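Here the structure is a predicted model, which means the values were calculated and not measured.
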Amino acid sequence: MEASNQTKHQHNPTKPIRCIVKLGGAAITCKNELEQINGQNLEVVCSQLRQSMIPSGKVVGMDWSKRPGISDVSCNVHEFEDQLSVDSHKFVVVHGAGSFGHFQASKSGVHKGGLDQPLVKAGFVATRISVTTLNLEIVRALARAEGIPSVGMSPFSCGWSTSGRNIASTDLSVVDNAIKSGFVPVLHGDAVHDNLQGCTILSGDVIIRQLAADLKPEYVVFLTDVSGVYDRPPTELNAVLLREIAVAEDGSWSVMKPVLQDINKQVDFTVAAHDTTGGMEAKISEAAMIAKLGIDVYIVQAATSHSLRALRGELRGNIPDDWLGTVIRFLK
């Protein structure tokens, strides 16, 4: 979707952004269990992010808050006295909601608008409570276990809004200042104001497209719960992994690898009933818009050796035959 966007602040970094990462909601939560985090996947994802951002150096935890079931607060300030500043790669993280937020939004119809209706207003509040809860837990996981100086940022609180569900305005100064100060911004899909319908859901995929246009990262990585994009739901028999998708100047896209036997075959997408953000089809559309900017997009299964290679930037140029995932590139 094209957006008539009014960005209040243009990014002019002293050091280029290396990567924008989308943590898919289905990859970091148990999507069929209400507000349940996939702790094992999240732990591996956070470790891989640290390996990609900060290749070396001692890990010192930054979560000094009290954890449930733990009596003491871990806060050893002496560990920082001998800590050397390391030259880390600049990353921005955006995560989906998964089993957080989607249920509240779909039950109340927040994505359809109508803040004058009590149910929609209550759903707006409930959705934001849910997605910001997940955001806090992801920030904690990055800071506590991996020592990544992450800071949570909500689009609603940062002044993002839409008009007819397209981005209308963004204030990227908060993101910019965080990056320049050495922090890793962690944004998320959110309930936001909409100029025409009152409110809607701004998905993490749309947020990434806007950030990519402004920050111009070297590459973008979507971490999902499957190996990449398939020609049909991957649970179906004979589903084919699409390894390379080319994007044309007009935003249309076509499958380059593998060559599908039926040239007229349409790629079939399904959307879960509770998903208010469009599912895989919307993800491909947003990824194509990013690729049009000349930025390679990798869609890969989270917490695998393939995702680590993508996060580290090892896939620039030709894609190795032993890498499982989908690359989306601009057809020059």
Side-chain angles (χ1 to χ4, degrees), residues 13 15-25 27-29 37-65 67 70 73-96 98 134-153 175 178-188 204 208 211-212 215 217-225 296-316 323 325:
K15 181 182 177 182
I17 297 296
R18 173 92 163 163
C19 177
I20 299 177
V21 184
K22 166 68 186 301
L23 307 184
I28 56 173
T29 73
I37 292 174
N38 185 331
Q40 183 176 358
N41 261 17
L42 182 58
E43 182 179 346
V44 176
V45 165
C46 290
S47 174
Q48 291 189 351
L49 283 170
R50 180 189 56 77
Q51 294 174 59
S52 305
M53 294 180 201
I54 313 169
S56 61
K58 181 182 178 182
V59 174
V60 182
M62 297 180 184
D63 178 12
W64 300 346
S65 54
R67 305 295 296 159
I70 300 176
V73 175
S74 176
C75 175
N76 190 349
V77 296
H78 299 295
E79 289 185 292
F80 291 91
E81 293 177 355
D82 300 324
Q83 187 84 340
L84 298 175
S85 295
V86 294
D87 186 24
S88 61
H89 297 305
K90 292 187 176 181
F91 275 59
V92 175
V93 176
V94 181
H95 66 82
L134 176 60
N135 182 254
L136 174 60
E137 289 307 309
I138 292 173
V139 168
R140 273 180 157 170
L142 289 166
R144 181 178 62 251
E146 302 300 334
I148 295 173
S150 50
V151 287
M153 296 182 180
V175 176
I179 294 170
K180 289 175 181 176
S181 299
F183 293 109
V184 176
V186 183
L187 293 85
H188 59 87
I208 280 196
L211 290 173
L215 302 177
E218 295 178 25
Y219 53 95
V220 169
V221 178
F222 284 78
L223 299 178
T224 71
D225 61 333
D296 287 354
V297 178
Y298 306 101
I299 301 178
V300 60
Q301 186 169 9
T304 64
S305 61
H306 308 290
S307 60
L308 180 58
R309 294 170 74 180
L311 290 169
R312 282 179 163 173
E314 296 178 5
L315 305 175
R316 317 300 298 280
W323 183 75

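- Taking the side chain as every heavy atom from C-beta outward, Ile37 and Glu137 approach each other to under 4.5 Å.
- For the pair Val175/Leu187, a side-chain contact is recorded, criterion being any heavy-atom separation below 4.5 Å from C-beta on.
- Between Ala141 and Leu42, the shortest heavy-atom contact is CB-CD2, 3.9 Å.
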side-chain contact (heavy atoms from CB on, under 4.5 Å) between Cys19 and Glu218, worked out: CA-CA 6 Å; Cys19 177; Glu218 295 178 25; over 6 Å; no
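- With contacts defined as side-chain heavy-atom distances shorter than 4.5 Å, the pair Val300/Leu223 qualifies.
- Annotation for Leu142 and Cys46: closest pair CD2-SG, 3.6 Å, computed over non-hydrogen atoms.
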Show your reasoning for whether side-chain contact (heavy atoms from CB on, under 4.5 Å) applies to Lys22 and Ile20. CA-CA 7 Å; Lys22 166 68 186 301; Ile20 299 177; over 6 Å; no
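- Here the CG atom belonging to Leu308 is positioned 5.0 Å from the CD atom belonging to Gln51, to the nearest 0.5 angstrom.
- How far NE2 of His188 is from CE of Met153: 11.0 Å, rounded to the nearest 0.5 Å.
- Taking each heavy atom of Val21 and Phe91 in turn, the nearest pair found is CG2-CD2, 3.7 Å.
- The main-chain N or O of Arg140 is never found under 3.5 Å from a side-chain atom of Asp63 such that the two would form a donor-acceptor pair.
- Going from atom CG of Leu134 over to atom OG1 of Thr29 covers 7.0 Å, rounded to the nearest 0.5 Å.
- With rounding to the nearest 0.5 angstrom, the OG atom of Ser150 is 13.5 Å from the CZ atom of Arg50.
- With Ser307 as reference, Gln48 is the one residue of Gln301, Arg312, Gln48 to meet the side chain to side chain donor-acceptor pair (under 3.5 Å) rule.
- Here the CG atom belonging to Leu23 is positioned 6.0 Å from the CG atom belonging to Leu49, to the nearest 0.5 angstrom.
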Just do the side-chain contact (heavy atoms from CB on, under 4.5 Å) check on Ile208 and Phe222 with the steps written out, would you? CA-CA 10 Å; Ile208 280 196; Phe222 284 78; 4.3 Å; yes
Mind running side-chain hydrogen bond (donor to acceptor under 3.5 Å, both in side chains) on Ser52 and Arg18 for me, showing each step along the way? CA-CA 10 Å; Ser52 305; Arg18 173 92 163 163; over 6 Å; no
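- Enclosure of atom CD in Glu43 is not indicated, since only 12 or fewer non-hydrogen atoms of other residues, nucleotides or ligands lie within 6.0 angstrom.
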Test side-chain contact (heavy atoms from CB on, under 4.5 Å) applied to Leu211 and Ile17, step by step: CA-CA 11 Å; Leu211 290 173; Ile17 297 296; over 6 Å; no
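- Summarising the geometry of Ala310 relative to Trp323, their closest heavy-atom pair is CB-CZ2, 4.3 Å, with the distance given to 0.1 Å.
- A pairwise comparison of heavy atoms in Ala27 and Asn41 identifies O-ND2, 2.9 Å as the closest pair.
- Going from atom CZ of Arg316 over to atom OH of Tyr298 covers 5.5 Å, rounded to the nearest 0.5 Å.
- In this structure, the side chains of Pro149 and Met62 come closer than 4.5 Å at one or more pairs of heavy atoms.
- The shortest heavy-atom contact between Val45 and Ala302 is CG2-CB, 3.9 Å.
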